[in-house]
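These notes are about the structure you will find just below.
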Amino acid sequence: MSIDFENELNEAQREAVTTTEGPVLVIAGAGSGKTRTIVYRLAHLVQMGVDPSQILLLTFTRKAAQEMLQRAESILGRSLHGTSGGTFHSFAYATLRQNAMDIGFDNGFTLMDRADSENICKEVKDTLKLGKGDRSYPRKNTLLDMVTKSRNKELTIEAILEREAYHLSPYLDDFNEIADGYRQFKREHALVDYDDLLFLLDELLEKNEPLRNQLQTRYKYIMVDEYQDTNLVQARIVKYLAGTKGNVMAVGDDAQSIYAFRGANVANILEYPKIFEGCKVIRLEQNYRSVQPILDLTNEILKGATTKFDKNLYSELKSDRLPRVVYPLSDQTQARLVVDQILDFKRKYMLHDVAVLFRAGYQSFPLEVALTRVGIDYQKFGGIRFHEAAHIKDVLSYLRLVLNPHDLLAWQRAMDHIKGVGPKTVAKIYKAMHTDDEKYLAKMMKKHDPLKELLVELNKLRSTPARPASVLESVLAFYQPILIEKYPDDYPKRQAGLEQLSQIAVNYTDMELLLGDLSLDGDPEEEKRKENAVVLSTVHSAKGLEWSGVIIIDLVEDRFPSRKAMQRAEDLEEERRLMYVACTRAKEQLMLFVPSSVFNRASGMSEPTLPSPFIMELPETVYDRLNESYGGGLEQRRRPAASRPSPVFEDDPIEEPPSNPKASPKKLGVCEHKIYGKGKIIAYIEPNKYRVNFFGFGLKVIIGDYLKFL
DNA sequence: TGGTGGGTCTTTTTT
DNA sequence: AGACCCACCA
């Protein structure tokens, strides 16, 4: 069968597909057929006679890789079995496992997940007796954040603190000590974290020339998707794999870079042509996804970016309908209105062709409750992952112990349910096991029956090697009473999760691989899109996907953009790109929800909000505005009336931020805000925010750009 | 000495 | 809802 490249691809796409020799960089705007291009290129290579096993496809999620391979298979009508595809991390994991000796892990290693890493940081902190009694001492989450940021950006912790967490600088010495202790702990326990996967592979490729040559020979054709979200070490890995003149194609969009927080470096994409000599650069600019009114809005979002992107997407898809901005009275009524909207979409689209997007995982909770109440099925991406659920981790800890009795973290988890045994006792038991202190162990087993049962069970499992699925079956039977005891309220739901785990395990013959895959890619079963279930997703997890109807919720200051991102201009820029990614997911209908108040857990009250700056700055011509009336319905906004319920609604879109953003920031005094009117500046907050006491509105923190200084 | 339970604060994004 | 601290109890 021959592929009709003439009709299936436009000229730029065709060029990207047929240029198979030498380095290629494809700059692909949102919805410009990037995936299509990769898929056809895969097919084209195989049709040319390339052996599928000579192709390496690196993507951002394993799901993306599988989808592309499947599509290429259906075009070709033959199997692409043997093609290597997946994330950098999973590729690294597989390669390292085959060469564990070379990187100093003679007995293999265990891959940790985020929670494991955080717990080690905390443990190290406690061992070093740091931060005792300091209530505002950085949380373990923050500790690990600094450690991995420093690694991913390849900067010292000092530089990280200086650049993006100035308020934490008093803890610099502590962070350095903790980072050292963390590294040591990992080495001593043969543990590897996500970052290590990349750095160890980098090291391996650098030092082991035969292996490097072997991989270069094997992977004749390399494709890397989402290149704007790679970091420095990933770029080095690509370079090692490709050699300087390899056939390597990178695809990306600088306007869609949303992983800088994780060390992603847009410079990678810009420098790419310099690193790979003779690189051909191809731009895909026509959008095939969205109707023009949606693109009019997304182009406006990019206009506000300080780093201008050379992008102005156009589409031939017409529509009379403008995107809509809806102002519900609260996040509670927002949930109700979104449900109504989903029901409306349902008359036109399949539910899996409709998505609700949000900035952070917790923001969908009220909506999940509302959907459950009316009986609409949903599938959620982002937020807590399958393997992070407490009951799954419990069960996995037993599996880990079968494999590796030195896994202290797993021991802590496995003994958690034993009453009367806490962290200290676990440490003692652990030590006793490793010094063969049988007497102490016997004593403890006598004292704590469940401990004895646990050790007996583990011994039994270790002495009879079996497939992962059958080991898991025994473990689940053992865990059953513990599950009910630990989670009396919702154990049936968790039970279902455990059964799902059994389903996954059936496909594995190697326990270590099962555990690694779970940490790296979550639940492979869950990655299939459920029929007729509306999709709820964080914007990050929505990357690369598209739906006919897209709803974005919680478009208010402190949520989208995130509160944490309001302090630094660069972070706010990334939020803007995130907003761009979110809106460009929509094919036909885009709805933006801006609740006037949201529930604040800290205060236990509903608090008024400010609309997201990304909404405020949109010209009124690109959207229709709807307000929720007190009766609960939606009404198209008329000219601003005198009897508006809340002044928050009175705004006209705020025009471009004043062109003098650098105006001496330290100045205090009186200022004016479009919505809140005049106020007194109480304090300046680095680098561009002010605490202002508004007459009649009280204290607010506002970005300098939205204030007029009087 | 170490475990447990209650009270209090704080939530980004992901491999 | 979770994480963390502190005070009380075995």
Side-chain angles (χ1 to χ4, degrees), chain A residues 58-64 86-93 111-115 117-119 122 125-126 131-145 148-149 151-152 192-199 226 229-231 233-234 257-264 357-363 365 381-385 387-388 390 415-416 418-428 447-448 489-490 516-522 537-543 554 558-567 571 574-575 577-579 581-582 598-604:
Chain A
L58 293 171
T59 55
F60 214 68
T61 62
R62 181 168 27 173
K63 177 172 53 175
T87 62
F88 276 92
H89 289 86
S90 61
F91 176 73
Y93 183 68
L111 175 63
M112 304 184 290
D113 67 6
R114 169 93 200 184
S117 301
E118 284 182 1
N119 290 336
K122 183 175 180 321
K125 185 202 89 177
D126 292 342
K132 270 182 109 163
D134 179 354
R135 283 193 82 84
S136 62
Y137 200 84
R139 304 265 170 271
K140 60 183 183 181
N141 178 22
T142 314
L143 298 178
L144 181 64
D145 250 14
T148 70
K149 273 210 161 107
R151 294 198 74 197
N152 279 290
V192 158
D193 67 14
Y194 292 126
D195 303 334
D196 292 329
L197 290 177
L198 302 179
F199 284 100
E226 308 284 8
D229 283 324
T230 56
N231 62 16
V233 63
Q234 287 169 324
S257 134
I258 54 174
Y259 279 91
F261 73 91
R262 195 172 99 178
L357 307 182
F358 33 85
R359 176 66 181 81
Y362 71 91
Q363 286 169 357
F365 292 158
F381 297 102
I384 303 152
R385 313 189 96 59
H387 74 275
E388 284 169 354
M415 293 190 207
D416 187 57
I418 303 174
K419 293 274 166 253
V421 175
K424 298 279 174 171
T425 311
V426 173
K428 278 190 200 161
K447 195 166 159 193
H448 305 286
D489 301 332
D490 62 347
D517 278 6
L518 279 171
S519 302
L520 284 168
D521 281 299
S537 175
T538 60
V539 181
H540 282 91
S541 299
K543 185 159 123 155
D554 278 357
D558 289 356
R559 292 212 170 182
F560 199 163
S562 152
R563 184 154 59 94
K564 304 233 170 171
M566 303 284 283
Q567 317 293 327
D571 290 342
E574 180 146 313
E575 299 287 309
R577 293 190 298 267
L578 204 51
M579 177 71 179
V581 168
V598 293
F599 184 74
N600 182 335
R601 222 181 278 281
S603 66

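Side chains are part of it too, since the values below use all heavy atoms of this structure and drop only hydrogens, waters and symmetry mates. In what follows, every chain begins at residue 1, and chains take the letters A, B, ... in the order their sequences are listed.
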Stacking check: are the rings of A/Phe261 and B/dT13 less than 5.5 Å apart at their centres and under 30 degrees in tilt?
yes
Give a yes/no answer on whether the side chain of A/Thr538 brings an N or O atom under 4.0 Å of OP1 or OP2 in B/dT14.
yes
In whole Å, I'd like the distance from the CE atom of A/Met112 to the P atom of B/dT15.
16 Å
Give a yes/no on whether any side-chain N or O of A/Thr61 is located under 4.0 angstrom from OP1 or OP2 of B/dT14.
no
d(CG, A/Asp193; C1', B/dT14) in whole Å
13 Å
Worked check of side-chain contact (heavy atoms from CB on, under 4.5 Å) between A/Asp554 and A/Phe560:
CA-CA 7 Å; A/Asp554 278 357; A/Phe560 199 163; 5.6 Å; no
Is there a side-chain polar atom (N or O) of A/Ser541 under 4.0 Å from OP1 or OP2 of B/dT14?
yes
Whole Å only: how far is the CG atom of A/Leu197 from the C1' atom of B/dT15?
8 Å
On DNA chain B, does the nearest nucleotide to A/Ile418 precede the nearest nucleotide to A/Arg262 from the 5' side, or the other way round? Give the residue.
A/Ile418
Answer with base, sugar-phosphate or nothing: what part of the nucleic acid does A/Ser90 contact at a heavy-atom distance below 4.0 Å?
nothing
Describe the nucleic acid contact of A/Arg559 in one word from base, sugar-phosphate, nothing, applying a heavy-atom distance below 4.0 Å.
nothing
To the nearest Å, give me how far apart OH (A/Tyr362) and P (B/dT10) are.
14 Å
So, are A/Asp145 and A/Arg114 salt-bridged, with charged N and O less than 4.0 Å apart?
yes
Starting at atom OH of A/Tyr137, determine the distance to atom P of C/dC4, rounded to an integer number of angstrom.
13 Å
I need the CG-C1' distance between A/Asn141 and C/dA1, as an integer number of Å.
15 Å
Here the distance between atom P of B/dT15 and atom CG of A/Asp517, to the nearest Å, is 13 Å
Sugar-phosphate only, base, or nothing, as touched by A/Tyr259 at under 4.0 Å among non-hydrogen atoms
sugar-phosphate
Candidate nucleotides C/dA3, B/dT15, B/dT11, ranked by approach to the side chain of A/Thr87 - the nearest
B/dT15
Might you work through the side-chain contact (heavy atoms from CB on, under 4.5 Å) test for A/Asp113 and A/Tyr194, ending with a clear yes or no?
CA-CA 7 Å; A/Asp113 67 6; A/Tyr194 292 126; 3.7 Å; yes
